[in-house]
Amino acid sequence: MTDLSFAQRLADTLGTDAVSTSADEIEPWLSDWRGMYKGKAQAVVRPSTTDEVAACLALCSDARVPVVPRGGNTGLCGAATPDASPNNVILSLDRMHAIRSIDTTGNTMVAEAGCILGNLRRAAEEQHRLLPLSLAAEDSCQLGGNLSTNAGGVNVVRYGMTRELALGLEAVLPNGEIFHGLRTLRKDNTGYDLKQLMIGAEGTLGIITAAALRLYPRNDVRVVVLAAVNSAQQALELFELLFERGGPRMQAFEFFTAECLDLVLAHVEGMRAPFAERHPAYVLIELADTVDETALRALVETVIGEALERELCTDAAVSESIAQVNSMWRLREEISEAQRADGPHVKHDVSLPIEAIPAFLETAGERVEKHHAGVRLIVFGHFGDGNLHYNLSRPSGAPRDFFAQHGEGLTAEVLDEVARYGGSISAEHGIGQLKRDYFSRYKDPLEIRLMREIRKVFDPHGIMNPGKIF
Ligand SMILES: Cc1cc2nc3c(=O)[nH]c(=O)nc-3n(C[C@H](O)[C@H](O)[C@H](O)COP(=O)(O)OP(=O)(O)OC[C@H]3O[C@@H](n4cnc5c(N)ncnc54)[C@H](O)[C@@H]3O)c2cc1C
């Protein structure tokens, strides 16, 4: 039952305009981006300051009211969606979107957790700096969500995941205490690194209110290569060559199969096939530098020439302009949307030791086909990080609800195979509600026990994002 008096106390503390309680206002906050989950809540709270977040959590903690942190809601595991309890309070930081500072000497940015990632990237760019975190959802997702999922994206091969970009955090603990860890120090070996526990915690340890992030020099010179490959083994050898010759200039090494490109060409307007022939798979490589386009281009051409000679790829196109850079990237970035347009599907965001990818693709494909013939494999991802989006689409002609019956069995086949190669069942999307059962099946029991104990230390009353991760 809705606890009116509690919602009233929230409104008395934070102001009525920061607290929504009517069913109409709450409705848009109850489901996830993919429409897989829907929950309930008594209120949506949108504080404007860290002190207001602290006041809100103190009230929730005293009353043992569950709190569900919500960023841009682009997460793919249902981690920002409330469960079925009508008591939930959804807490959004969308009003906390200030950039507190950009320091071009120390090369840091301090920003509030409600900032949209794309805005932060543009603000850094204006100061001739690069915030390297980049993903297709960057104009919707928020910094708080990125930190809480330890988001990856397309530049991990050069700059690492969100974890590697965070120098400091400000957060509010579930009891309302403020964690003042907003340091910009590059070196700080003073005991346990507590901020790293909160990064990737999917809102289970508190609310992140601001972060200090590393900035890098802006890479104005960019060259993209789209290479056609016959196999994942070729892609792997190409990666080795690019790593060796491109060094730190290589900032993306993405992979997608012919089936992915088919979907993009079928469902996304204005897309053109990059080569006259259809090839089994493609690799998109970006190299970038601060200056000297001629030198970068010469390097790319030499390396690709060598790759063609050594038969590490069968064809290659090199971008000539920023417009071409963008259109090549669209072939890769539109895959998720194209698969969505194709109909219901099952996603697996897995990672593997990179050298195991070719063998995994072969044996996982065999298991999927054996489990149910005709299931279409839509495989793409951040190959250079060992991260594959190993997605399945229903067989041609199968009913739209095909995965209601077969989804679980197919997922078990894929994840068992991931585990056999020493991989991870979640590379960058997290656990949320979607992978909770698989998490308990595949994660080491000792690690789960330590995580449960840590969660209890931060949140003894268990109010933060119940039902997420475990
Ligand atoms: C088209 C598309 C492409 C994507 N590509 C990538 C990709 O390449 N790489 C990648 O890693 N992800 C990708 N994602 C997934 C998603 O964008 C990321 O997980 C992103 O980091 C989520 O941010 P968000 O603000 O939308 O968070 P939400 O979905 O709102 O929340 C995610 C989690 O963070 C918690 N949370 C949110 N804000 C806070 C806070 N202030 N304090 C504490 N907890 C908080 C929530 O409770 C939840 O557990 C993609 C998604 C889409 C739709």
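Along the sequence shown, the residues carry numbers beginning at 1. Indexing begins at 1, ligand by ligand and atom by atom, following the structure's order.
Below 30°, between 30° and 60°, or above 60°: for His429 and His389 the angle between ring planes is below 30°, a parallel geometry. By the 30° and 60° cut-offs, the orientation of the rings of Tyr442 relative to Tyr438 is parallel.
Taking any N or O of Val68, backbone or side chain, none lies under 3.5 Å from an N or O belonging to ligand 1. Of the polar atoms of Gly72, at least one N or O is found under 3.5 Å from an N or O of ligand 1, judged by distance alone. The shortest N or O to N or O distance between Gln142 and ligand 1 is below 3.5 Å. Residue Thr149 has at least one nitrogen or oxygen atom sitting less than 3.5 Å from a nitrogen or oxygen atom of ligand 1, judged on distance alone. On a distance-only criterion, Gly153 and ligand 1 share at least one N/O pair closer than 3.5 Å. Here's the thing with Trp33: none of its N/O atoms is less than 3.5 angstrom from an N/O atom of ligand 1. Checked by distance only, ligand 1 and Val154 stay at 3.5 Å or farther apart across all their nitrogen or oxygen atoms. Considering backbone and side-chain atoms alike, Ala80 places every N or O at 3.5 Å or more from each N or O of ligand 1. In terms of polar-atom proximity, defined here as any N/O pair under 3.5 Å, Ala79 does make such a contact with ligand 1. When only interatomic distances are considered, the shortest N/O to N/O separation between Ala113 and ligand 1 does not fall below 3.5 Å.
Here the protein heavy atom with the shortest distance to atom 13 (C) of ligand 1 is Leu135 CD1, 3.7 Å. Of all protein heavy atoms, the one closest to atom 50 (C) of ligand 1 is Leu76 CD1, 4.0 Å. For atom 20 (C) of ligand 1, the closest heavy atom belonging to the protein is Asn146 ND2, 3.6 Å. Scanning all protein heavy atoms for the shortest distance to atom 28 (P) of ligand 1 gives Asn73 N, 3.6 Å. For atom 42 (N) of ligand 1, the closest non-hydrogen atom of the protein is Ile208 N, 2.9 Å. Protein heavy atom in closest approach to atom 47 (O) of ligand 1: Pro69 O, 2.6 Å. Nearest protein heavy-atom contact of atom 29 (O) of ligand 1 is Gly75 N, 2.8 Å. Protein heavy atom in closest approach to atom 7 (C) of ligand 1: Glu428 OE2, 3.3 Å.
Atom numbering of ligand 1 starts at 1 in the shown order; those under 4.0 Å from a heavy atom of Asn465 are 47 (O), 49 (O). The contact set between ligand 1 and Gly206, taken as ligand atoms under 4.0 Å from a residue heavy atom, comprises 43 (C). The Leu93 neighbourhood of ligand 1 comprises atoms 41 (N), with distances under 4.0 Å to a heavy atom of that residue. Listed by atom number, the atoms of ligand 1 under 4.0 Å from Ala151 heavy atoms are 11 (O), 21 (O). For ligand 1 and Glu202, the ligand atoms under 4.0 Å from any heavy atom of the residue are 47 (O), 49 (O).
Between Asp17 and Arg95 there is a salt bridge, since a side-chain N of the basic residue sits under 4.0 Å from a carboxylate O of the acidic one. Taking 4.0 Å as the cut-off between side-chain N and carboxylate O, Glu125 and Arg129 do not count as a salt-bridged pair. A salt bridge is absent between Lys40 and Glu27: the closest approach of a Lys/Arg side-chain nitrogen to an acidic carboxylate oxygen does not fall below 4.0 angstrom.
The closest side-chain heavy-atom distance from Met328 to Pro274 is not below 4.5 Å. Side-chain contact between Arg340 and Arg34 is absent, with no heavy-atom pair separated by less than 4.5 Å.
One finds the CE atom of Met250 at 8.0 Å from the CD1 atom of Ile285 (value rounded to the nearest 0.5 Å). Taking CG of Leu120 as the reference point, atom CD of Glu112 lies at 10.5 Å (rounded to 0.5 Å).
Side-chain atoms of Ser92 and Asp94 include a donor-acceptor pair closer than 3.5 Å. A donor-acceptor contact closer than 3.5 angstrom links the side chains of Asn387 and Asp349.
The heavy atom nearest to atom 27 (O) of ligand 1, out of those in Gly114, Gly145, Cys115, is found in Gly145. In this comparison of Ala136, Ser148, Gly203, the heavy atom closest to atom 45 (C) of ligand 1 sits on Ser148. In this comparison of Thr162, Thr74, Asp32, Val156, the heavy atom closest to atom 51 (C) of ligand 1 sits on Thr74. Evaluated by nearest non-hydrogen atom to atom 2 (C) of ligand 1, the leading choice among Gly152, Gly71, Ala137 is Ala137.
In summary, the aromatic rings of Tyr159 and Tyr216 are positioned with their centroids under 6.0 Å apart. In summary, the aromatic rings of Phe383 and Phe255 are positioned with their centroids under 6.0 Å apart.
A donor-acceptor contact shorter than 3.5 Å links the side chain of Ser319 to the backbone of Val224.
Here Ser336 has no heavy atoms under 4.0 Å from ligand 1, in either its backbone or its side chain. With a 4.0 Å cut-off on non-hydrogen atoms, His429 touches ligand 1 through its side chain and not its backbone.
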Please lay out, stage by stage, how Lys468 and Asp83 fare under the test salt bridge (Lys or Arg N to Asp or Glu O under 4.0 Å). CA-CA 9 Å; Lys468 311 299 159 41; Asp83 64 16; over 6 Å; no

Stepwise salt bridge (Lys or Arg N to Asp or Glu O under 4.0 Å) check, Arg449 with Glu453: CA-CA 6 Å; Arg449 197 191 83 215; Glu453 287 170 10; 3.4 Å; yes

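Ser140 does not count as a contact of ligand 1, since none of its heavy atoms falls under 4.0 Å from the ligand. Residue contacts with ligand 1 include His382, since one or more of its heavy atoms lies under 4.0 Å from the ligand.
Annotation: cation-pi geometry not satisfied between Arg158 and Phe253 (NZ/CZ under 6.0 angstrom from ring centroid, within 45° of ring axis).
Each of Thr209, Leu194, Val172 was evaluated against Phe179; a single residue qualifies, Leu194, per the side chain to side chain contact (heavy atoms under 4.5 Å, CB included) test.
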